[in-house]
Amino acid sequence: MPSVSRRNDESSSSDEDHRSVKPSPSSAQSAPLLTPGGVSYKKTLRLTSEQLISLQLKDGANDVVFSVTTQYQGTCRCEGTIYLWSWDDKIVISDIDGTITRSDTLGHILPTLGKDWTHQGIARLFHKVSQNGYKFLYCSARAIGMADMTRGYLHWVNERGTMLPQGPVLLSPSSLFSALHREVIEKKPEKFKVECLTDIKNIFYPNTQPFYAAFGNRPTDVYSYKEVGVPLNRIFTVNPKGELVQEHAKTNISSYVRLGEVVDHVFPLLMRGDSSDFPCSDTFSQFTYWREQLPEVEQQQESEAHRPMETNTERQLQ
């Protein structure tokens, strides 16, 4: 990716040249950066449609490497994953701390020490939901500096050979201590989640509502999910005991294991014609395979049923 590296070098050098100018915050966001070569660059974190097409992404996960070459630090590489989804895909949102892990605080510490602190049955449930055609989006108020640790934990979860489905991991672009203070002490992670999920929703707008269901562990998660349009009957919260509560029927206490037994009713199979997630047709689905076949009708009975009735006039003529 030499062209990307050259752009960053020129933009970084232009920042150093204009550092003494100290423009206002509004002009710093919109004013383009002028380089000695007469080419202007504008800071942005979003690619245009033409740039996305030039990447030639495939459906699903795409591994990418972003490299930056500087004079003092040499070449720095940042690995990531770009997910290409269809406009009509249904997304299931899942929190991490307290939802996949049993506790917000211990969920940060114990997995790093090799201690399994995951709710029982969540890996199998998410795997079954993913097999029915739903995409998973992991959204947490953790700091962006914990990205490698968080992704490593999600890949590390293994429940008797069943792993969590892959999906983008969205973290808060702030420092570790500020994110930890906001989530654990202030207990206000909805500030980041509402803005982040709304941004994701606007990508699909106005075609469809992308969010189908959501899992959390706090009232703030419920508030965030309701703000982005997740139906109330498909918002689930779990407590440290592993009890799963559906938001519109709080008296009905379930668990990840029990929800996995009726997963086809809550998350029905998406009827997709050409989908990479389902190489087999609906002929080999569980419903078609296990249902009772219709009784065969003999041809003689069928011909008699379709034979026209003789009238009295026809009988007299005979």
- Before accepting this row, confirm whether a basic side-chain N of the pair Asp264/Lys128 lies closer than 4.0 Å to the acidic partner's carboxylate O.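 Not counted as a salt bridge, because no side-chain N and carboxylate O are separated by less than 4.0 Å.
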- Electrostatic pair Asp199-Arg46, nearest N-O below 4.0 angstrom: yes
- Trace of the side-chain contact (heavy atoms from CB on, under 4.5 Å) decision for Phe215 with Tyr256: CA-CA 11 Å; Phe215 293 85; Tyr256 286 128; 4.0 Å; yes
Please tell me if the side chains of [X] and [Y] come closer than 4.5 Å, counting only heavy atoms from C-beta onward.
{"X": "Pro268", "Y": "Asn132", "answer": "no"}
{"X": "Ile91", "Y": "Trp85", "answer": "yes"}
{"X": "Leu47", "Y": "Leu55", "answer": "yes"}

- Message: I want to check a possible cation-pi pair here: Arg234 against Tyr212, using under 6.0 Å from ring centre and within 45° of the ring axis as the test.
- Response: yes
Between the side chain of [X] and the main-chain N/O of [Y], is any donor-acceptor distance below 3.5 Å?
{"X": "Glu195", "Y": "Phe192", "result": "no"}
{"X": "Lys201", "Y": "Val228", "result": "yes"}
{"X": "Glu247", "Y": "Ile235", "result": "no"}
{"X": "Thr70", "Y": "Gln73", "result": "yes"}
{"X": "Asn252", "Y": "Ala249", "result": "no"}

- About how many Å separate CG of Leu164 and CG of Asn158, when rounded to the nearest 0.5 Å?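 With rounding to 0.5 Å, CG (Asn158) is 9.0 Å from CG (Leu164).
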Examine the side chains of [X] and [Y] and answer whether a donor and an acceptor come within less than 3.5 Å of each other.
{"X": "Tyr153", "Y": "Thr118", "value": "yes"}
{"X": "Thr75", "Y": "Thr69", "value": "yes"}
{"X": "Asn217", "Y": "Asn239", "value": "no"}

- Assess whether side-chain contact (heavy atoms from CB on, under 4.5 Å) is satisfied between His119 and Arg102, documenting all intermediate values. CA-CA 6 Å; His119 281 293; Arg102 300 181 190 176; 4.1 Å; yes
Can you see which heavy atom on [X] is nearest to which on [Y], and at what distance?
{"X": "Ala123", "Y": "Val157", "result": "CB-CG1, 4.3 Å"}
{"X": "Tyr225", "Y": "Ser94", "result": "OH-C, 4.4 Å"}
{"X": "Gly216", "Y": "Asp95", "result": "CA-CB, 4.2 Å"}
{"X": "Pro165", "Y": "His127", "result": "CD-N, 4.2 Å"}

- Message: Consider ring-ring contact (aromatic ring centres under 6.0 Å, His included). Of Phe236, Phe267, Tyr134, Phe136, which one does Phe126 pass it with?
- Response: Phe136
- Task: Check the pair Tyr138 / Ile93 against side-chain contact (heavy atoms from CB on, under 4.5 Å), numbers first and verdict last.
- Result: CA-CA 6 Å; Tyr138 302 97; Ile93 311 169; over 6 Å; no
- Message: Applying salt bridge (charged side-chain N to carboxylate O under 4.0 Å, His left out), can you list everything that pairs with Glu159, at least two apart in sequence or on another chain?
- Response: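 Here no residue qualifies.
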- Note on the structure: Applied to residues 62-79, the salt bridge (charged side-chain N to carboxylate O under 4.0 Å, His left out) test, sequence neighbours excluded, yields none
- Item | Sequence-distant partners of Lys58, side chain to side chain contact (heavy atoms under 4.5 Å, CB included), two or more places apart |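 Checked Lys58 against side chain to side chain contact (heavy atoms under 4.5 Å, CB included); matches are Asn62.
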- Task: Kindly indicate, with the supporting measurements, whether the criterion side-chain contact (heavy atoms from CB on, under 4.5 Å) is fulfilled by Leu232 and Lys226.
- Result: CA-CA 7 Å; Leu232 196 63; Lys226 289 169 60 178; 3.9 Å; yes
